[in-house]
Visitor: 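Let me begin by handing over the structure; questions about it come next.
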Amino acid sequence: MILKGRGLSKGTGEANLIVSSEPVSFLGGVDAKSGRIIDERSDVFGESIAGKVFAFPSGKGSTVGSYVLYGLVINDCAPVAILNERSEVVVTVGVIISGIPLVDCLDLSLLRTGDMVEVNGDEGSVNVEGVEEVHVVTSFLENEGKILLLKRSELVGTYQGMWAGISGYLEKGDEAVERAVIEIEEEVGISSPRLLKEGKPVSSRDENTLWVVHPFLFHVDSPKVKLDWEHKEHKWIPQSQIPEFETVPRLIKAFEAVVQGLRHEDGER
Amino acid sequence: MELLIALGDIYDATRLIPVTSVHISGASYKTIGDAGLKFLSEICKGCHTKAKSTVNPIGMDRERYEEMKVTEEFVSKQKEIIDHYKSLGVLDSWTCTPYLIGNRPGLGEDIAWAESSAVVFANSVLGARTNREGGPSALASSITGLTPDYGLHREDNRKGNALFELDFELEEKDFASLGSFAGEICGTRTPYFRNLSASEDNLKTLSAALASSGSVSMFHVEGLTPEWKLGYEEDCEKVTVERKDLEEIANSWNTNDSPNLIAFGCPHCSTAELKRIADMLRDGWKGPELWVCTSREACRKAPDSVQEIDKQGKVLCDTCVIVSSVEDFSETVATNSGKASTYLPSLCKQKTMFDDMETLIRRFQ
């Protein structure tokens, strides 16, 4: 899979990834002579970032941190590249003077320690080897203010027994919204639903798969549904109750994305 | 200049603006090492400051380094660093509290400061405008007299965006814990404190702690700091601070109760603090080694206090406990500083004991 961010410091590098979920102060956090993480409160305490790609949300703490980054390079124990959610000046200054590639504006929840990644600081891209990107559509149906959730059967390949929207794989060449309409007809027997909203795709990582969910919200005139083999139960619920169900990963995020998404005024699809 | 333009590009600045004041971090041989020394030797050659510039503490007192048990190599490398900075024409400062020694910009002035605690103090208490510069970018601003115009140089970005309400009176030591508590929650955001009364020394403590647990650059205190009327974003996170939140943090800083060293002055002591310490020490001292770190300028202004403290402990100038080589002779440091309590375990391999100045002095007296 390829993640797109913003290239802040130029250059390229390829190495195994080490991911921390906490902001880092390079001064007091990383030993400039060995590249080891020395902050006992860090979730990667004791690990070495030398020769690795180091991902952490943001910099923090001392403004001398820039010199620690420079020192890592001089002492030959620097990370090959740095990945951030949002850049912070002390780290940015440090990587620029040291020539370490840095890409920010990334969703670090999609990365795992041990991933082999190829970072391109010129283009702001990160290629994660061996992780396959799979696109799916997920549709939420609305009737009289309630939202339809379906419980996945034991016959489906993934996430059996969990609650979900109406989903299906997006094949190459498929128009997402058309695929969504086809799946609705197949899975709940409703034709001609009215498209209300389309959300920005939501990504989530599950081992070596990157799921990219394209969320839609449709209105249907009747609450009657006819389930096929993929589901064994359905419920119409107020949207506030979604968190109470055991759902497939990031269903709530997909729903939130669709709520904030583009409104379709014409309603004809 | 290239570094400043690169930063400007990244953060969407459309221009570079002149600065009236610069404060540079990265002066202790302990923290910047041979790599930093090499960097300075390349950058400082043939350059001169274009704006009033002060520099952060170094790893030793320039006059009393022999009493600090530093190695000869350390002394010689440290002196090289000093010489590089001096060749630029910086003020003879070596303090993290430039605002106490005459580098004190006023409301609305554009400046370029590094040293995380001083950045927060300058923005919040003085109302001057600076982003949180890294040591090298502050150095670049000193040489060029310029900084990219983005972030906190623009009034739109100076509003609070996390509200902290207090419903109890703070004691002196609580300012450190409050800073650490709010800094961790805020990350890069600007906290707005409601119902807080504080002295300038309290705000100095708060600034340092905010900047060590997070990357806060500025705060407001309702009714107190110069730009509090900018207010806070209506839809921002709202936090009610409880006494137990602060106690939890203070407890985490208490990992040993038999210190080899008691250290005050992180950030550097003001003359008022020197006087308080001196007054308490008149009642005698039986405790362990005592370091009171401050600027040489504050020392000059408070000779009586310094003399009194020196009878019982050491007043050290130009340096502070976290950038010194304290680990060479100590395992536990007692301090009243949240910033020192945060950095001592990782940077100096120390256990810490934390309390306010008076409690610590009275306990070991």
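Just so you know, these numbers use all the heavy atoms, side chains as well, and skip hydrogens, waters and symmetry mates.
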Visitor: With a 4.5 Å cut-off on heavy-atom pairs, point out which of B/G135, B/A211, B/G151, B/P136 contacts chain A the most.
Guide: B/P136
Visitor: Side chain, backbone, both or neither: which part of B/E184 has a heavy atom under 4.5 Å from chain A?
Guide: neither
Visitor: Checking heavy atoms, do the side chain of B/Y343, its backbone, both or neither come under 4.5 Å from chain A?
Guide: side chain
Visitor: Taking side chain as everything from C-beta outward and backbone as N, CA, C, O, which of these in A/S25 sits under 4.5 Å from a heavy atom of chain B? Side chain, backbone, both or neither.
Guide: side chain
Visitor: If I measure from the heavy atoms of chain A, does B/L37 come under 4.5 Å with its side chain, its backbone, both, or neither?
Guide: neither
Visitor: Considering non-hydrogen atoms only, spot the tightest contact between B/E133 and A/V90 and give its length.
Guide: O-CG2, 4.4 Å
Visitor: Would you name the heavy atoms of B/G134 and A/S66 that are closest together and state the gap between them?
Guide: CA-OG, 3.6 Å
Visitor: Crowded around A/K33 NZ? As in, over 12 foreign heavy atoms under 6.0 Å?
Guide: no
Visitor: So for B/A114, is it side chain, backbone, both, or neither that comes closer than 4.5 Å to the heavy atoms of chain A?
Guide: both
Visitor: Quick one: pull up CG in B/L40 and OH in A/Y70 and give me the separation to the nearest 0.5 Å.
Guide: 9.0 Å
Visitor: Please name the pair of heavy atoms, one in B/Y11 and one in A/S87, separated by the smallest distance, quoted to 0.1 Å.
Guide: OH-OG, 3.0 Å
Visitor: Return yes when atom CD of B/E331 has more than 12 non-hydrogen atoms of other residues, nucleotides or ligands closer than 6.0 Å, and no otherwise.
Guide: no
Visitor: Less than 4.5 Å to any heavy atom of chain A: does that hold for the side chain of B/S117, its backbone, both, or neither?
Guide: neither
Visitor: Do you know which two heavy atoms are closest between A/G71 and B/A35, and how far apart they sit?
Guide: CA-CB, 3.2 Å
Visitor: Who wins among A/V73, A/D39, A/I97, A/D104 for the most heavy-atom pairs under 4.5 Å with chain B?
Guide: A/I97
Visitor: Looking at B/T342, B/L210, B/V119, B/I322, which makes the most heavy-atom pairs under 4.5 Å with chain A?
Guide: B/T342
Visitor: Please round to the nearest 0.5 Å and tell me the distance separating atom OG of B/S346 and atom CZ of A/F45.
Guide: 10.0 Å
Visitor: Heavy-atom pairs under 4.5 Å with chain A are the metric here; pick the option from B/K339, B/R132, B/K349 that has the most.
Guide: B/R132
Visitor: Show the nearest heavy-atom pair for residues A/T63 and B/S116, with the distance to one decimal.
Guide: CG2-N, 3.5 Å
Visitor: In terms of heavy-atom proximity below 4.5 Å to chain B, should A/E40 be classed as side chain, backbone, both, or neither?
Guide: neither
Visitor: Hey, is NZ on A/K4 packed in by over 12 heavy atoms from elsewhere, all under 6.0 Å?
Guide: yes
Visitor: Given A/I96 and B/E2, is the side chain to side chain contact (heavy atoms under 4.5 Å, CB included) satisfied, shown in steps?
Guide: CA-CA 10 Å; A/I96 292 175; B/E2 276 167 40; over 6 Å; no
Visitor: Which atom names give the shortest non-hydrogen contact between A/V64 and B/G26, and what distance separates them?
Guide: CG2-N, 3.7 Å
Visitor: Need one label for B/I43: side chain, backbone, both or neither, based on atoms under 4.5 Å from any heavy atom in chain A.
Guide: neither
Visitor: Give the C-alpha distance, both sets of side-chain angles, the deciding distance and a yes or no for side chain to side chain contact (heavy atoms under 4.5 Å, CB included) between B/L7 and A/T92.
Guide: CA-CA 8 Å; B/L7 281 177; A/T92 308; 4.0 Å; yes
Visitor: Taking every non-hydrogen pair under 4.5 Å, which of A/G29, A/G28, A/S58 racks up the most with chain B?
Guide: A/G28
Visitor: Check whether more than 12 heavy atoms from other residues, nucleotides or ligands sit under 6.0 Å from atom NZ of B/K351, and answer yes or no.
Guide: no
